[in-house]
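Order of the sequence lines fixes the chain letters, A, B, ..., with proteins taken first and strands second; residue numbering starts at 1 for each chain.
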Amino acid sequence: MRMTRLHAPTLKDDPKDAEVISHRLLVRGGYIRKLSAGIYDYLPLALRVLRKIQGIIREELDDAGAQEVLLPAVQPSEIWEESGRWALYGPELMRMKDRKGGDFCLGPTHEEVIVDLVRRDVRSWRALPINLYQIQTKFRDEIRPRAGLMRGREFIMKDAYSFDIDDAAANASYDEMFSAYGRIFSRCGLDFRPVEADTGAIGGSRSHEFQVLADSGEDAIVSCTNCGYAANIEQAELSKPEAVVGFTGTLERVETPKVRTIDEVSQFLTKPAQAFIKTLIVQADSDVHAVLIRGDHELNPIKLAKLLGVSEVVLAEDDTVKRVTGAPVGFAGPIGLDGVSSIIADYAVQGMSDAVVGGNAIDSHFTGVGESRDFEVDRFADLRMAMGGDDCPRCAGTLQDYRGIEVGHVFFLGTKYSEAMRCNYLDESGRERPMVMGCYGIGVSRIMAAAIEQNHDDSGIIWPTAIAPFHVTLLPLQMNKDAVVDAAQSLYQGLKDAGVEVLLDDRKERAGSKFKDAELIGIPLRIAIGSRGLDNGIVEAKVRGHDAVHELPLASVTDWVLEQLN
RNA sequence: CGGGGUGUAGCGCAGUCUGGUAGCGCACCAGUUUUGGGUACUGGUGGUCGGAGGUUCAAAUCCUCUCGCCCCGACCA
């Protein structure tokens, strides 16, 4: 490809509305343009990257026995009514009517469509397992799209769905997808972790997210430094700490005028946050509970909801707090608290002594508190978010904090959709049974952004070779010198003939502009052809992201490039 | 949805407080110059100042309403 024929409008200035690195570089590098919030044009360079990613996905999924289909983007409400999600899905589901007044939506996901497809034509256990996937544009009307391609409303996703005869077979399908995902992300050149994830309201027993490690990631994850354990902090279970025996401190009520948050009280009393017990008043359906969490820890509402057997828990309204504690928000404590259904405490609170708790009265706290000596807990459980420094629940190691970008998710669905939509088959004994499903997503456009978050420097993008828009870029530095132009032209032809994807910067730009743009666009290999070196038959070769400059004879350029590409 | 910000040329911005009929840099076009890290100079193209209404002799500027976009949070799985 010749640069003069490539629509890659690069910018010197950062676009104002781009904050995160991948967003800035994709816009500046001429890869994407915004059409509306969370909706982007993909320009030629971006499309080349997306096709590389899609190619890797196709190869690995086809190898794993999946088959590609392409399902409609616009879906009728009927199948969503059947699965029950027409009512369940909120405004994130983009709904619309056709000219006859029929209800439709833009597909945010395709469980309904795929189940409808499979249930029509697959009737026998002999036809299973079957695994169908597609690569397609999804639309979710996100409350707040952000960070460019990272969380768009319209985005490209690969979604796959497996159908099996029973749990064991479905688990095998899951395992196969899990390992294919590992190969896909490795081939994309990403540093990632598969982490155990929350199975959420869908239920089911297994779920893993594939997280690309990057400081800008939206998700908080912990990973053991010793064994392979890794999990979303929402999911990470924590081992029960050993209870400490013996109390110190004497119970004492202290005045704490106008200080209510842990930080404020901690400063006021000059005691560390670990010495505090937070008392959170929560609402679970119609019940109100008090939840005790150590001051430096954070409640995990998902764990609490599971423990209480409800779909969700929320912090109680101010009025409720006042009613059950007799004090405004900020002074709740477990001592003398009897207006709640139960007092539940995180394991870390067990055996705490010389602690600080709220006094259930305005401007008042207790110090020197001993758990079980000064108040009763109804039950203890693992209720908090994991964090760096915690003990690994699987081995003797320690957990470390990471931020991650979720680029893939594998999910054991079970029979939720197949039962709701009667996607059944006849087993060997002629009995009708629901198929057991799994679903598997990859954020294709998000991978492009995640790869940049992980691979860039001050000058621009540094693409992993496997997903770079081109392998090599040629920079003729003086377009007015025939020798330079001719040498570049013959290198261009030679590389193309050798099957290399090459971008020739044949613009009549100065050398500086070409270098800058080449670095911004981030093609892995760069060959600079200048009159100075050419007098000695030499060009300069450089690998993007490395400082070393190699002087190469013209004749060996193609070999060098092929060697670099392996 | 709550909080904060912002909308002026393709991009980045000034002008708004204190009303007087729109400007700078980049990009783009023509030319001179330069020629290995975004060259310098000259001339030029391009804007209903997000939109609607109002106040005024006069509105980018003041008032009211409205829309878009960005950030934080809540929400969502």
Pairing partner (Watson-Crick or G-U wobble, both distances under 3.5 angstrom) of [N]:
N: B:rU35; answer: none
N: B:rG43; answer: B:rC29
N: B:rC49; answer: none
N: B:rC69; answer: B:rG5
N: B:rA74; answer: none
N: B:rG20; answer: B:rC57

Distance between the [atom1] atoms of [N] and [M], in whole angstroms?
N: B:rG44; M: B:rG3; atom1: P; answer: 49 Å
N: B:rC13; M: B:rG36; atom1: P; answer: 33 Å
N: B:rG2; M: B:rG15; atom1: C1'; answer: 33 Å
N: B:rG4; M: B:rU21; atom1: P; answer: 35 Å
N: B:rU8; M: B:rG51; atom1: P; answer: 10 Å
N: B:rC62; M: B:rG19; atom1: C1'; answer: 8 Å
N: B:rG73; M: B:rU45; atom1: P; answer: 48 Å
N: B:rG54; M: B:rC11; atom1: C1'; answer: 34 Å

Return yes if the base of B:rG37 and the side-chain atoms of A:Arg526 contain a donor-acceptor N/O pair under 3.5 Å, otherwise no.
yes
Presence of donor-acceptor pair under 3.5 Å, side chain of A:Glu509 and base of B:rG38
no
Gap between atoms [atom1] and [atom2], on [X] and [N] respectively (whole Å):
X: A:Met94; N: B:rC76; atom1: CE; atom2: P; answer: 21 Å
X: A:Asp13; N: B:rC24; atom1: CG; atom2: P; answer: 17 Å
X: A:Leu520; N: B:rC11; atom1: CG; atom2: P; answer: 17 Å
X: A:His7; N: B:rG10; atom1: NE2; atom2: C1'; answer: 11 Å
X: A:Gln478; N: B:rG37; atom1: CD; atom2: C1'; answer: 12 Å
X: A:His409; N: B:rC76; atom1: NE2; atom2: C1'; answer: 14 Å
X: A:Lys516; N: B:rG37; atom1: NZ; atom2: P; answer: 10 Å
X: A:Arg140; N: B:rC76; atom1: CZ; atom2: C1'; answer: 10 Å

Mind checking [X] for me? I need base, sugar-phosphate or nothing, with any heavy atom below 4.0 Å counting as a touch.
X: A:Arg144; answer: base
X: A:Asp517; answer: base
X: A:Arg24; answer: nothing
X: A:Ala147; answer: sugar-phosphate
X: A:Lys16; answer: sugar-phosphate
X: A:Arg151; answer: nothing
X: A:Glu142; answer: nothing
X: A:Lys514; answer: nothing

Residue pair [X] / [Y], side-chain donor-acceptor N/O under 3.5 Å:
X: A:Glu81; Y: A:Ser77; result: no
X: A:Ser22; Y: A:Glu453; result: yes
X: A:Arg48; Y: A:Tyr31; result: no
X: A:Tyr181; Y: A:His208; result: no
X: A:Asn131; Y: A:Tyr133; result: no

Between A:Ser36 and A:Tyr89, which has a closest nucleotide on RNA chain B that is more 5'?
A:Ser36
Result for 5'-nearest mapping on RNA chain B, choosing between A:Ser513 and A:Lys34, is A:Ser513
Checking side chain to side chain contact (heavy atoms under 4.5 Å, CB included) against A:Leu554, which of A:Leu534, A:Asn536, A:Ile538 comes through?
A:Leu534
On the 0 to 90° scale, with breaks at 30° and 60°, tag the A:Trp80-A:Tyr89 ring pair as parallel, tilted or perpendicular.
perpendicular
Between [options], which nucleotide has the shortest distance from any of its atoms to the side chain of [X]?
X: A:Glu540; options: B:rG36, B:rC69, B:rG38; result: B:rG36
X: A:Glu92; options: B:rG36, B:rA74, B:rC76; result: B:rC76
X: A:Lys12; options: B:rG37, B:rC26, B:rC71; result: B:rC26

Within the pair A:Ser531 and B:rU35, is there a side-chain N or O less than 4.0 Å away from OP1 or OP2?
no
Would you say A:Arg510 reaches B:rU35's phosphate, i.e. side-chain N/O to OP1/OP2 under 4.0 Å?
no
Residues forming a ring-ring contact (aromatic ring centres under 6.0 Å, His included) with A:His110, sequence neighbours excluded
none
